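Below is one structure; the comments refer to it alone.
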There are 2 protein chains.
Amino acid sequence: MTSSSLESLGPFRQLSEGSRKLLRRGAVLVQCGPPAPILQPGQSISGAYFVVRGRLRVYAIAPDGTEATLYFISPGETCVFALNSLFNDLRYPAWVQAEAGTTVALIPGPVFRELFQKEPSIQDVTVRALSTLVFRLMEELEEVHAYKLDQRLANLLLIHASAAGELAMTQQRMAAHLGTTREVVARLIREFVAQGYVETGRGVTRIKNADGLARLIAASA
Amino acid sequence: MTSSSLESLGPFRQLSEGSRKLLRRGAVLVQCGPPAPILQPGQSISGAYFVVRGRLRVYAIAPDGTEATLYFISPGETCVFALNSLFNDLRYPAWVQAEAGTTVALIPGPVFRELFQKEPSIQDVTVRALSTLVFRLMEELEEVHAYKLDQRLANLLLIHASAAGELAMTQQRMAAHLGTTREVVARLIREFVAQGYVETGRGVTRIKNADGLARLIAASA
DNA sequence: ACTGCTGTGTAGCTTTTGGTACAGACCGCC
DNA sequence: GGCGGTCTGTACCAAAAGCTACACAGCAGT
């Protein structure tokens, strides 16, 4: 992998100095066609990850088999889950899954550690990445305990919908994201449809009244 | 505050090099008698915190007023909540409260940033602290979605009980910790008493059968 | 002893969420 | 067209958790 081909990638140009340095040194590109599992709990980490295109989903699986998304890692973000394990010699405690068409740059552990020692810009990138992750996790934890499922579902629809107000996601996946079951999602969506907030189709949900959803989320009860 | 008096403090001797360097440079000790709020959401951070004695509790408050503990910071740990805001110029999104008898060392923001640039040992301390926090938050998030309240309460009792199997904590505080209400805690504890797992007293809960509680937690249902 | 405060015990009801079960719709493929 | 798989719709019941209301117990101060 040369730096020129890396630089030809879309988001690369907007990256910080630290991120570019990371990628120029020993990064190996990994492409995913279909959604694919990358890490399982207990697996040791072979390096630091950097999302070039697509998205990674980090999630937990309960003993009864239900999933729940912990957080996402979007393009241009250093993949912090690796850093934890790289520095603390801990096993990673969650599953990681790449969405379809995701490209990930893998920086070998020793290379990353060496760069982290020498380069202030890479320290900066690292701390920012961890810091952002902490915020994201705190937000998620707060959301889980402060909001009811209908509000969290409304939020999911608003946040993840395309500009055209469409969300291409099955109810099964929404349920997995929220840590609940498909039936519950279907019931809540039925209510949204009755209120005229959304329309449903196979594998897609269209938002018809974003304000209505927003008001639902804001309602304190 | 001189380094000699800092070193006289109990946990100080076991600290890492980075932590000691942090404390020798411009740390201001802050003592708390009774439990006291330290930070409120939106408050900007004046420096990095380091817990010398006692414990900090970081928690969220839902619109309806119920609290939920996000994580604790124990003695000898760099207080990472500050680092987020120090590096990202973000406001801190949660409340922080010091338990009774807590001593916190406050390192001014500029001093910390300067040390972070120069000292590898301080970079190390910082990354470890953030990393640990990420793990703690992930664990908590997983627990919230994978376990029921009775299991989480049993876990709370086991984790926070003294060596003698006593937990000096009112049910109100347990409820705030778990993000629920006192009545629910009372109901669950009643069940524990009926099973012979615990005994209750005013402001204290005594564990009589730790194995029973442990089995309850392990039960997949 | 009286009072007030804080903490616990309990009952009953409502809401929310989860679990089971099944019917039907859409889609691609042979 | 027929078939199998995936996705959605829905009805019903069960469990979990929250809400309200109130009684009482321990403790401190006057």
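These numbers come from a predicted model, not from an experiment. We name chains A, B, ... by the order of the sequence lines, and we start the count at 1 in each one.
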Item to check | Under 3.5 Å: donor-acceptor pair, side chain of B/Thr102, backbone of B/Arg55 | outcome: yes
Checklist entry - Just how far, in rounded Å, is P of C/dT16 from CG of A/Leu153? => result 15 Å
Checklist entry - Rounding to a whole Å, what distance do you find between B/Glu191:CD and C/dG9:C1'? => result 14 Å
Next on the checklist: Determine whether a donor-acceptor pair (N or O, by modelled atom type, separation under 3.5 Å) exists between the side chain of A/Gln151 and the backbone of A/Ala146.
Outcome noted: no
Checklist entry - What integer distance in Å separates B/Leu178:CG from D/dA17:C1'? => result 13 Å
Item to check | Option among A/Val185, A/Thr181, A/Leu153 that satisfies the side-chain contact (heavy atoms from CB on, under 4.5 Å) test with A/Gln171 | outcome: A/Val185
Checklist entry - Roughly, in whole Å, what's the span from CZ in B/Arg173 to C1' in C/dT8? => result 17 Å
Checklist outcome for this item: Its contact letters, B for base, S for sugar-phosphate only and - for none at protein heavy atoms under 4.0 Å, make nucleotides 4-15 of chain D read -BBSBBB-B---
Checklist entry - Between B/Met174 (CE) and C/dG7 (P), how many Å, whole number? => result 12 Å
Checklist entry - Should the pair A/Arg152 and A/Tyr147 be classed as cation-pi, given the thresholds of under 6.0 Å to the six-membered ring centre and 45° from the axis? => result no
Item to check | Distance, rounded to the nearest Å, where B/Glu199 contributes CD and C/dT8 contributes C1' | outcome: 15 Å
Next on the checklist: Quick one: does any side-chain atom of A/Arg136 pair with a main-chain N or O of A/Leu70 as donor and acceptor, under 3.5 Å?
Outcome noted: no
Checklist entry - So B/His177 and B/His160, would you call those rings parallel, tilted or perpendicular, with 30° and 60° as cut-offs? => result perpendicular
Item to check | Between P of C/dT10 and CZ of B/Phe192, the distance in whole Å | outcome: 15 Å
Checklist entry - So, the side chain of A/Arg206 versus the backbone of A/Ala164: is there a donor-acceptor pair under 3.5 Å, distance only? => result no
Next on the checklist: Determine whether a donor-acceptor pair (N or O, by modelled atom type, separation under 3.5 Å) exists between the side chain of B/Gln195 and the backbone of B/Phe192.
Outcome noted: no
Checklist entry - Expressed in angstrom and rounded to an integer, what is the separation of A/Tyr147 atom OH from D/dG18 atom C1'? => result 18 Å
Checklist outcome for this item: Those residues at least two apart in sequence (or on a different chain) that pass side-chain contact (heavy atoms from CB on, under 4.5 Å) with A/Ile61 are A/Tyr59, A/Glu67, A/Trp95
Item to check | Divergence of helical axes at both termini of the helix from C/dA1-D/dT30 to C/dC30-D/dG1 - five pairs an end, 10° steps | outcome: 20°
